[in-house]
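Here is the structure we will look at, set down as structure tokens.
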2 protein chains.
Amino acid sequence: MERVIERLRKKDVVLTPQRLAVAEFLEGNTAHPTADDVYRKLRRKYPTISRATVYTSLEVLRQAGEIQELTIRKEEVCFDSDPTPHHHFFCRRCKRVLDVHIGCPVARKGWVDGHKIDGVQVYFYGVCSRCLKSGRSGME
Amino acid sequence: MERVIERLRKKDVVLTPQRLAVAEFLEGNTAHPTADDVYRKLRRKYPTISRATVYTSLEVLRQAGEIQELTIRKEEVCFDSDPTPHHHFFCRRCKRVLDVHIGCPVARKGWVDGHKIDGVQVYFYGVCSRCLKSGRSGME
DNA sequence: TCTTTGTCAAGAATTATTTTAAATTAGTGG
DNA sequence: CCACTAATTTAAAATAATTCTTGACAAAGA
Ligand SMILES: [Mn+2]
Ligand SMILES: [Mn+2]
Ligand SMILES: [Zn+2]
Ligand SMILES: [Zn+2]
């Protein structure tokens, strides 16, 4: 809670109630919510908030290095409150985006084929362990 | 050329001039074009082709295992005429999507954290070798 | 206090993609 | 070659995600 405010202040990010609400909603949230998830949750506390404000707040937080964007689904971008590099798994059944904590050499920034790397995303697709337990093969 | 027609026929895909045109445009194309790239190119030969047809043709080819979709950019999906697993690099300067041919253990399908994997995408971001030669640091 | 200047947020607009429904076509058998 | 039927194409409209525009507001200075 305090942590986010402090960090944003040091980065000269103008703090508005809406931006703080977005930051606080994301803090510790491991569900990788979409912009619309954030919007639908925040409009309870801020009934007049607009989607545009949510998008700009998310972009401000991203540029401040507080969050990262994931393009694991083509339909919608989702946001990760953990900006450090790690892999992700998308379950085709329950549609959740899960963290995958495995060390992987390609995830380290550096060079490849003469191209300079400043970011890496690794996306796995399949059926998550929970869905495998509860249901059958993989297609619903 | 012949190869694609043969394969699609065996997979019980109804062959139309539009689908063949999409398949032929993609065959051997290493530029990872978007749906709009395909549409703008094909409308020269087929002036009445519609975007919806391009989208559905691409989906048919994808389901037939002839091509794959990449979500390396959040703005737009792009298509890869090579359906075999390999990595990709997005150049933030020239906006090209380049193939990266490196062996990587995570790219092999299997299991991770108890989740069953049926697909993997690895996306690198940065500045490509050509842009590094021609220009400066990385930002324009 | 009165400008001036710049920033923010919400509604409007734009963009990619999908859906609709009618017209056309591919594949099949006579 | 023709007729039939199911599948496909098309243009237009709908939809959904995201971005742009502009008025409102606030801080800074005269
Ligand atoms: Mn994550
Ligand atoms: Mn490729
Ligand atoms: Zn699941
Ligand atoms: Zn480049």
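So that the names make sense, note that chain A is the first sequence line, chain B the second, and so on, each numbered from 1.
The side chain of A:Gln18 places an N or O atom within less than 4.0 Å of a non-bridging phosphate oxygen (OP1 or OP2) of C:dA9.
One can place NZ of B:Lys11 at 17 Å from P of C:dG27, the figure rounded to the nearest angstrom. What separates CZ of B:Arg73 from P of C:dT15 is a distance of 14 Å, to the nearest Å. Between the CG atom of A:Leu20 and the P atom of C:dA9 there is a distance of 11 Å, given to the nearest Å. Whole-Å rounding puts the B:Lys74 NZ to C:dT15 P distance at 16 Å. One atom, CG of A:Asp36, and another, C1' of D:dT15, lie 13 Å apart when rounded to the nearest Å. The CD1-C1' distance, from B:Ile5 to C:dG27, rounds to 16 Å in whole Å. Atom CG of B:Asp12 and atom P of D:dA6 are 17 Å apart (whole Å). If you take CZ of B:Arg43 and C1' of D:dT9, they are 16 Å apart, rounded to a whole angstrom.
Looking at B:His32 and B:Asp37, their side chains never bring a donor and an acceptor atom within 3.5 Å of each other. Judged by distance alone, the side chains of A:Asp80 and A:His86 do bring a donor and an acceptor atom under 3.5 Å apart. At a cut-off of 3.5 Å, with distance as the only test, a side-chain donor of B:Ser50 or B:Thr53 sits close to an acceptor on the other residue. Under 3.5 Å, the side chains of B:Gln121 and A:Gln121 contain no donor-acceptor pair of N or O atoms. Side-chain contact of B:Thr34 with B:Asp36: a donor-acceptor pair under 3.5 Å is absent, judged by distance alone.
Across all strands, B:Thr34 comes closer than 4.0 Å to no nucleic acid atom at all (heavy-atom distances). As judged by a 4.0 angstrom heavy-atom cut-off over every strand, B:Arg9 is placed among residues making no nucleic acid contact. Residue B:Pro17 is in sugar-phosphate contact alone, with no base atom involved, counting any heavy-atom pair closer than 4.0 Å across all strands shown.
Follow the hydrophobic side-chain contacts under 4.5 Å out from A:Val54 and you reach A:Phe79 in the same cluster.
When each of B:Val77 and B:Leu15 is assigned the nucleotide of DNA chain C with its nearest heavy atom, B:Val77 is the one assigned upstream, toward the 5' end.
Near DNA chain D, defined here as any heavy-atom distance below 4.0 Å, the residues from residues 48-62 of chain A are A:Arg51, A:Ala52, A:Tyr55, listed numerically.
Note on the helix from C:dT1-D:dA30 to C:dG30-D:dC1: terminal axis deviation equals 20°, with five pairs used at each end and the result rounded to 10°.
Sparse packing is recorded around NZ of A:Lys45, with 12 or fewer heavy atoms of other residues, nucleotides or ligands lying under 6.0 Å away. Atom CZ of A:Arg130 is surrounded by 12 or fewer heavy atoms from other residues, nucleotides or ligands within 6.0 Å.
Side-chain N or O atoms of B:Tyr125 include one that pairs as donor or acceptor with a backbone N or O of B:Ile72 at under 3.5 Å.
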